[in-house]
Amino acid sequence: MFPEHFLPSSRLALSVPLLFTLILSQQTSGHCDLIKLKAGGEIRGKLQKLPSESGEARIIETLTGGKITVDAQQIEFITNRPLSVEEYESRSKSIADTVDAHLELANWCSENHLISQRHAELEKVLLLEPDHAKARAALGYTNRDGEWMTRDELMRKNGYIKYKGRYVSTAELELLEKNEADLAEEQKWFKKVKLWLSLMNSNNAQLQQEGLKNIQSINDPFAVSALARLMGKHENYLIRSLLVTTLSQITGDKPLRPLAELALSDPVQAIRESALQALSRRDVSQAIVYFIEALKNRSNLIVQRAGKGLELIGDKSVVPELISALVTTHTYRVRVPDTTTTYSFGTNGTFGNTGVVLPPDIEAGLLAGRYPNGVIVLPSQQPKIPMRTISVKHHHQNEAVLSALQEITQQNFGYNQRLWQLWWSSTQNKAGIIPVVQ
């Protein structure tokens, strides 16, 4: 940091990276402007409104009275943030990486109504001490059968999902979303689709063609539920492919959910891609929610597929969710020989050089994200050696999510979530912000 009397009052030519940040007085309340420079530095202060003849100069004034003039061409973006956020970032960079220090900062965040920052500090506590009961409780976790779970995770594990503020079963959700007349119409289609699928499975070629032709001719939205239930998880990939084709020709919103589920979870890539293409050809505003939810999936493969789907959909409203999913943490349960002096895992969620010694094939698989359900069990090659299960956390940088952000925004801040969040804030908070000259 430079002392204030070193700050020039005349125009500053920024031909080299600006490697300092101007920090405002902590006693000052309100908001301040954060100016992100293309050269990589940041300036915090208050932008001054300039007369029209000032050209491209931008003057930033600190609340302690210092001024600095910057060429607008050097500015990447401008955003306006509460001073409490700025103070948090300063504090977070200076505290010791200990449980007590992060807890103290979490309490400070709570007092200053910084909810997301408080959660971030509590998460750092858990990296240092995974079973810290108070931090777990503050984040909404419950210990069930030795495993920490959020309420949403616990309810999902028991087969419930949240609907308008309360948890309901999948079957109940469908009933809530439908009226009695709709249900009656849908029930008629279950018998028909089941019959036509049985014809397709017969040994008679003529009957096979009859069943296929009948399914291919379906265009009634009330048939979607029967089609999805009877064909969506069919072991024959040709039947699932036929489902995509049939759903594609049905109008309305009813086909959106089964098409999204196929695009996210079908094991065959060609089916996933055809389902995505079918979604891209219609109004998918109602389908976006399924891909946003998938960004939080426990499987990194599903997270990546959700990113790819949102890139194809291209809706700018999902940018905040994509930013949050740039880097995700996944837990893998690994079965290994019980040689505790050899196999371990780091409490900070890493493995490799930090004390974790895993079999090379497991480590390579984790890095490549090849375990879609977060679980791998290794058969023992030496049956006499006792086995045990360990948990390994791995932080994934999600390439598909970054690609979606780049395509939708035409910006690129890599995997730096903070810079993405600052830039997004600058695009949303336009009041009093001087436009950036490109």
Side-chain angles (χ1 to χ4, degrees), residues 116 119-120 123-124 126-127 139 150 152-153 156 260-269 271-273 275-277 279-280 284 287-334 345-346 348-352 354 356 358 362-376 391-425 427:
S116 62
H119 286 184
E123 291 286 356
K124 291 175 184 177
L126 296 184
L127 288 177
L139 289 169
T150 64
D152 284 348
E153 290 172 339
R156 278 200 300 269
E261 290 175 350
L262 287 165
L264 289 166
S265 60
D266 197 278
V268 178
Q269 181 178 350
I271 294 177
R272 295 197 303 270
E273 291 179 350
L276 266 180
Q277 289 297 328
L279 284 170
S280 70
V284 291
I288 287 176
V289 64
Y290 307 122
F291 289 91
I292 291 176
E293 180 65 25
L295 289 174
K296 304 172 186 176
N297 198 278
R298 297 176 73 175
S299 165
N300 188 254
L301 278 180
I302 300 299
V303 173
Q304 297 278 20
R305 291 171 186 172
K308 183 177 180 181
L310 290 171
E311 178 178 354
L312 187 65
I313 293 170
D315 193 303
K316 203 167 186 178
S317 67
V318 303
V319 167
E321 285 77 15
L322 287 170
I323 293 173
S324 297
L326 271 171
V327 181
T328 53
T329 303
H330 300 268
T331 301
Y332 299 88
R333 300 285 288 172
V334 184
F345 64 98
N348 65 349
T350 61
F351 59 90
T354 55
V356 172
L358 294 174
I362 299 180
E363 184 170 341
L366 289 173
L367 291 170
R370 289 202 299 265
Y371 306 128
N373 298 317
V375 177
I376 176 173
S391 295
V392 179
K393 285 187 177 181
H394 180 55
H395 306 296
H396 290 273
Q397 292 184 336
N398 298 311
E399 184 179 355
V401 175
L402 177 59
S403 177
L405 273 173
Q406 292 171 340
E407 178 65 25
I408 292 172
T409 67
Q410 298 301 302
Q411 301 290 327
N412 183 14
F413 301 108
Y415 294 100
N416 191 324
Q417 290 173 297
R418 176 179 173 274
L419 283 185
W420 277 108
Q421 289 163 349
L422 288 173
W423 171 81
W424 179 249
S425 175
T427 67

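Scope of the values below: all heavy atoms of this structure, side chains included, with no hydrogens, waters or symmetry mates. Being a predicted model, the structure only gives us computed values, none of them experimental.
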Within the structure provided, determine whether Ile323 and Leu405 are in side-chain contact (heavy-atom separation under 4.5 Å).
yes
Test item: Thr331 and Arg298 side chains (from C-beta on) under 4.5 Å apart, heavy atoms:
no
Pairs involving residues 412-422, ordered by first then second residue, that meet salt bridge (charged side-chain N to carboxylate O under 4.0 Å, His left out) (sequence neighbours left out):
Glu42-Arg418, Glu89-Arg418
Not counting sequence neighbours, list each pair that qualifies as a salt bridge (charged side-chain N to carboxylate O under 4.0 Å, His left out) and has a residue in residues 398-407.
none
Can you pull out every side chain to side chain donor-acceptor pair (under 3.5 Å) where at least one residue sits in residues 408-417? Sequence neighbours excluded, please.
Gln406-Asn412
Contacts table for residues 314-321: side-chain donor-acceptor under 3.5 angstrom, sequence neighbours left out:
residue: Asp315; atom: OD1; partner: Ser317; partner atom: N; Å: 2.8
residue: Asp315; atom: OD1; partner: Ser317; partner atom: OG; Å: 2.6

Mutual orientation of the aromatic rings belonging to Trp420 and Phe413 [parallel < 30°, tilted 30-60°, perpendicular > 60°]
perpendicular
Residues that Glu273 engages under salt bridge (Lys or Arg N to Asp or Glu O under 4.0 Å), provided they are two or more places apart:
Lys308
Partner set under side-chain hydrogen bond (donor to acceptor under 3.5 Å, both in side chains) for Glu311, not counting sequence neighbours
Ser403
Test of understanding: with side-chain contact (heavy atoms from CB on, under 4.5 Å), list the residues that count as partners of Ala260, not counting sequence neighbours.
Leu279, Tyr290, Phe291
List the residues meeting side-chain contact (heavy atoms from CB on, under 4.5 Å) with Thr328, not counting sequence neighbours, and say none if there are none.
Asn300, Val303, Ala325, His330, His396, Asn398
To the nearest 0.5 Å, tell me how far Ser265 OG sits from Arg272 CZ.
9.0 Å
